[in-house]
**Student:** 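Below is a structure I'd like to ask you about.
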Amino acid sequence: MPGATIKVSNPSRDTVLATRAETARTWCARGCGLLGRSGLPAGGGLIIHPCNSVHTLGMAFAIDVLHLNRRLEVLRVSTMPPWRIGPLVLGSSYVLEIPAGAAAGTIPGDRLKFIPQP
């Protein structure tokens, strides 16, 4: 199921949001997302593409959710507890899901960088 592993940095804030984010590009991988997991490790994450809305129905843990446009500019940052449905974010092309609290300091307008990892 997992695709490539990506490091996600925020040069606008000189921070790293994820060191080992998986990619979800297929219909099945995008639909399953983080379901069935007990949590995300520090540095872990999931990049869902294409995506403009997510949910945490059936999940056992909270996540930070960042909606990004095609240029990887942050459109929206939120923390979603379990059993919630997020909004449809117009213009969102990617969603980055990372452990709750890991997006601290990231704001709309920041431009992220995806760096493929071996």
Side-chain angles (χ1 to χ4, degrees):
M1 171 181 125
T5 302
I6 305 289
K7 178 179 177 181
V8 182
S9 68
N10 182 349
S12 304
R13 307 283 164 215
D14 196 28
T15 58
V16 174
L17 300 175
T19 55
R20 301 178 306 284
E22 299 171 17
T23 57
R25 292 181 176 266
T26 67
W27 182 85
C28 182
R30 292 189 336 256
C32 292
L34 296 173
L35 291 173
R37 300 185 193 200
S38 58
L40 273 172
L46 183 67
I47 299 167
I48 307 169
H49 175 71
C51 187
N52 58 17
S53 181
V54 296
H55 68 83
T56 57
L57 300 175
M59 289 179 54
F61 55 97
I63 55 173
D64 281 354
V65 176
L66 292 85
H67 288 267
L68 314 170
N69 65 17
R70 288 185 186 126
R71 294 180 304 279
L72 303 183
E73 294 167 340
V74 177
L75 302 175
R76 185 174 196 278
V77 180
S78 62
T79 300
M80 287 183 64
W83 295 97
R84 299 294 192 279
I85 297 174
L88 173 70
V89 178
L90 296 178
S92 177
S93 184
Y94 298 86
V95 168
L96 171 63
E97 298 179 340
I98 53 180
T106 301
I107 61 171
D110 287 354
R111 187 177 230 170
L112 304 187
K113 188 173 182 181
F114 290 175
I115 305 157
Q117 299 298 293

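Residue numbers start at 1 and run along the sequence shown. Side chains are part of it too, since the values below use all heavy atoms of this structure and drop only hydrogens, waters and symmetry mates.
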**Student:** Hey, quick one: are Val74 and Val95 part of the same hydrophobic cluster, counting side-chain heavy atoms closer than 4.5 Å, chains of contacts allowed?
**Tutor:** no
**Student:** Going by the angle between their ring planes, with limits at 30° and 60°, are His49 and Tyr94 parallel, tilted or perpendicular?
**Tutor:** parallel
**Student:** Measure the SG-CZ distance between Cys51 and Arg30 for me, rounded to the nearest 0.5 Å.
**Tutor:**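 One finds 7.5 Å between SG of Cys51 and CZ of Arg30.
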**Student:** Near Arg70 CZ, under 6.0 Å, is it more than 12 heavy atoms from other residues, nucleotides or ligands?
**Tutor:** no
**Student:** Counting C-beta onward and ignoring hydrogens, is there a side-chain heavy-atom pair between Thr23 and Phe114 closer than 4.5 Å?
**Tutor:**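 Not touching, per the 4.5 Å side-chain cut-off.
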**Student:** Looking only at atom types and distance, does a side-chain atom of Thr56 sit under 3.5 Å from a main-chain N or O of Trp83, one as donor and one as acceptor?
**Tutor:** yes
**Student:** Answer yes if Leu96 and Met80 sit in the same cluster of Ile, Leu, Val, Met, Phe, Trp and Tyr residues linked by side chain heavy atoms under 4.5 Å apart, and no otherwise.
**Tutor:**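 In one cluster: no.
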**Student:** Do you know the tightest heavy-atom contact between Ala18 and Ile98?
**Tutor:** CB-CG2, 4.2 Å
**Student:** Are Glu73 and Leu68 close enough that some pair of their side-chain heavy atoms sits under 4.5 Å apart?
**Tutor:** no
**Student:** Minimum heavy-atom separation for Gln117 and Ile6, please, with both atom names.
**Tutor:**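 For Gln117 versus Ile6, the nearest heavy atoms are CG-C, 4.1 Å.
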**Student:** Is there a side-chain contact between Asp64 and Val77, using heavy atoms and a 4.5 Å cut-off?
**Tutor:** no
**Student:** Given Val54, which of Leu46, Ile48, Val89, Ile63 fulfils the side-chain contact (heavy atoms from CB on, under 4.5 Å) condition?
**Tutor:**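 Exactly one option meets the side-chain contact (heavy atoms from CB on, under 4.5 Å) with Val54, and it is Ile48.
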**Student:** Checking Asn52 side chain against Leu90 main chain: does a donor-acceptor pair fall under 3.5 Å?
**Tutor:**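 Side chain of Asn52 to backbone of Leu90: no pair is present.
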**Student:** Please examine the side chains of Leu17 and Leu66, heavy atoms only from C-beta on, and report whether any two atoms are closer than 4.5 Å.
**Tutor:**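 A side-chain contact under 4.5 Å exists here.
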**Student:** Strictly distance-based, threshold 3.5 Å: is any side-chain N or O of Arg111 a donor or acceptor partner for the main-chain N or O of Arg71?
**Tutor:**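 Indeed, once roles are kept as given, a pair shorter than 3.5 Å links the two residues.
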**Student:** If you count the non-hydrogen atoms of other residues, nucleotides and ligands that lie under 6.0 Å from CD1 in Ile85, is the total more than 12?
**Tutor:**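 Open.
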**Student:** Do any N or O atoms from the side chain of His67 and from the backbone of Ser53 form a donor-acceptor pair under 3.5 angstrom?
**Tutor:**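 Not a single qualifying donor-acceptor pair exists.
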**Student:** If you round to the nearest 0.5 Å, how far is CG of Leu72 from CG of Asn10?
**Tutor:** 11.0 Å
**Student:** Does one hydrophobic cluster hold both Ile47 and Leu34, with members joined at side-chain heavy-atom distances below 4.5 Å?
**Tutor:**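 No; Leu34 is not reachable from Ile47 via cluster members.
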**Student:** One thing to verify: whether Arg37 and Glu22 come together as a salt bridge, which I'm taking to mean a side-chain N less than 4.0 angstrom from a carboxylate O.
**Tutor:** yes
**Student:** Which atom names give the shortest non-hydrogen contact between Pro82 and Arg84, and what distance separates them?
**Tutor:** O-NH1, 3.0 Å
**Student:** Taking all non-hydrogen atoms of both residues into account, name the closest pair between Ala62 and Pro81 and its distance.
**Tutor:**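 For Ala62 and Pro81, the tightest heavy-atom pair comes out as CB-CA, 3.9 Å.
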